[in-house]
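Letters go in sequence order (proteins before strands), and every chain restarts at 1.
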There are 2 protein chains.
Amino acid sequence: MAAGARRGSPLTLEEIYATALRLANEGGVEALSMRKLAAALDVNPMSLYHHVANKTALIDQICLTMGERLEIPVMDGAPWPERLRALGHAYRRLATTYPSLWRYVHTHPELVAAREGGLWDVFLPILRAAGVPEEELLRTADVLHGFVTGLIINQQNGHVGGDRSPEAMDLMFEAAIDLIVAGVSARFSPAG
Amino acid sequence: MAAGARRGSPLTLEEIYATALRLANEGGVEALSMRKLAAALDVNPMSLYHHVANKTALIDQICLTMGERLEIPVMDGAPWPERLRALGHAYRRLATTYPSLWRYVHTHPELVAAREGGLWDVFLPILRAAGVPEEELLRTADVLHGFVTGLIINQQNGHVGGDRSPEAMDLMFEAAIDLIVAGVSARFSPAG
DNA sequence: ACCTGAACACCGTTCAAGT
DNA sequence: ACCTGAACACCGTTCAAGT
């Protein structure tokens with residue numbers, strides 16, 4: 001083992017991030033440790049520190065790459081309620097694909113990874129189409145983002161009074177978007 | 001030091017919980033350790049295990065006692081939007097009083113402490129008064145609870161696009177409740 | 001350049017032993 | 001009954017030393 005106990009190739013950043021993301025998703029972010037990650041990579045724990053500053057920097061990074069995997073639907077022609085609904089579902093899909101990491105991002109201060117890739121570029125135009133005036137746009141977006149985030153977190157945690165079946169969760173999410181659409185309509189586009 | 005290094009009185013559960021709650025609130029739940037708690041109580045770390053099963057049981061307990069400190073306003077005569085608004089503010093007040101612990105409760109699975117003392121006993125009648133039909137009552141309550149929870153979490157984490165001043169946060173919260181009231185009205189009591 | 005072993009300062013928890 | 005010291009199996013991270 002001249003150049004170390006590893007199979008052959010030198011450790012790469014991509015390899016580290018990919019494995020860390022996988023481990024964090026499987027066992028939970030809290031259970032991810034530098035030593036376990038090193039073991040999974042078949043490498044001395046200290047080797048990691050040659051590629052990554054520390055554990056939090058590593059977690060920041062995998063949160064970022066997760067955020068970039070938000071798949072935003074393009075529905076330029078459709079009316080705003082349909083576009084809003086589709087965006088909500090895309091958002092929820094990301095959360096259910098990476099439950100632990102997603103929760104981590106949304107419950108830790110200042111993880112700017114929360115700026116999910118391009119989310120706002122799609123979100124704000126939808127709200128404009130709904131008649132939200134420019135001076136209330138950002139605030140309304142923050143409010144609705146908070147609404148959906150909280151609903152998903154509560155669903156993930158089982159903080160739910162009624163039925164906890166997947167079907168009930170789906171119904172709940174639909175009811176939530178219905179309520180949001182109704183609220184936005186009533187407040188900002190009473191005509192439509 | 002015959003009976004230990006402590007001042008005099010034997011360790012009590014109340015003392016343990018009170019100190020743990022204080023430490024968790026000051027330094028964050030994540031930073032609370034059995035050893036630090038013991039140091040704050042001027043006691044050997046192992047003594048704690050004579051009163052508490054383990055760390056998670058202790059945290060469960062202090063979450064419970066926090067939940068009981070929700071101060072629900074009594075406004076039986078008032079119209080439902082006012083009552084809903086007051087309940088929202090009471091809920092938010094608890095969250096800002098115990099930010100770290102509150103976030104911990106609302107981001108960890110199955111911490112039934114989320115059943116904040118008597119919240120639902122007040123919440124459900126308000127929704128009934130708003131015209132929510134019985135078969136949608138629990139689901140609607142869950143949805144709105146999620147909405148407010150998510151908004152508070154995002155505010156606490158600075159996951160907010162616009163201004164982050166306390167005044168802006170207050171405005172945001174008001175806007176959120178306005179939207180909720182508008183949504184509930186439009187969906188369930190179109191007449192009122 | 002890249003990797004590593006030993007070491008440091010922390011954890012939660014068990015257990016046998018003390019008073 | 002209540003407390004404790006030593007020990008175990010973990011952490012993240014530093015640093016001097018190896019190839």
Specify the residue among A:His50 and A:Pro45 whose closest nucleotide of DNA chain D lies further upstream toward the 5′ end. A:Pro45
The residue, A:Met46 or B:Ser33, whose nearest nucleotide of DNA chain C is more 5′ is A:Met46
Relative to A:Tyr98, does A:Arg69 satisfy both conditions: NZ or CZ under 6.0 angstrom from the six-membered ring centre, and within 45 degrees of the ring's axis? no
Under 3.5 Å on both distances, the Watson-Crick or G-U partner of D:dT4: C:dA16
In whole Å, what is the span from the CG atom of A:Leu41 to the P atom of C:dC2? 16 Å
Rounded off to whole Å, could you give me the CD-to-P distance for the A:Glu15 and C:dC3 pair? 10 Å
Heavy atoms of B:Ile62 and B:Leu101 approach each other most closely as O-CD2, 3.7 Å
Starting from P on C:dC11, measure out to CE on A:Met34 and report it in whole angstrom. 20 Å
Interatomic distance where CG belongs to A:Asn54 and P belongs to D:dC11 [whole Å]: 17 Å
With a cut-off of less than 4.0 Å, is there a side-chain N or O of B:His51 near OP1 or OP2 of D:dC3? yes
For B:Tyr49 and C:dT13, what is the distance between atoms OH and C1' respectively, to the nearest whole Å? 5 Å
Answer yes or no: is there an ion pair linking B:Arg139 with A:Glu174, defined by an N-O contact shorter than 4.0 Å? no
Rounded to whole Å, please give me the gap between NZ in A:Lys55 and P in D:dG12. 4 Å
When the distance from CG of A:Asn44 to C1' of D:dG18 is rounded to whole Å, what number comes out? 12 Å
Please determine whether a side-chain nitrogen or oxygen atom of B:Ser47 lies at a distance below 4.0 Å from atom OP1 or OP2 of D:dC2. no
Give the rounded distance in Å between these two atoms: NZ of A:Lys36 and C1' of D:dC11. 10 Å
Fit a plane to each ring of B:His159 and A:His106, take the angle between them on a 0 to 90° scale, and name the class: parallel (under 30°), tilted (30 to 60°) or perpendicular (over 60°). perpendicular
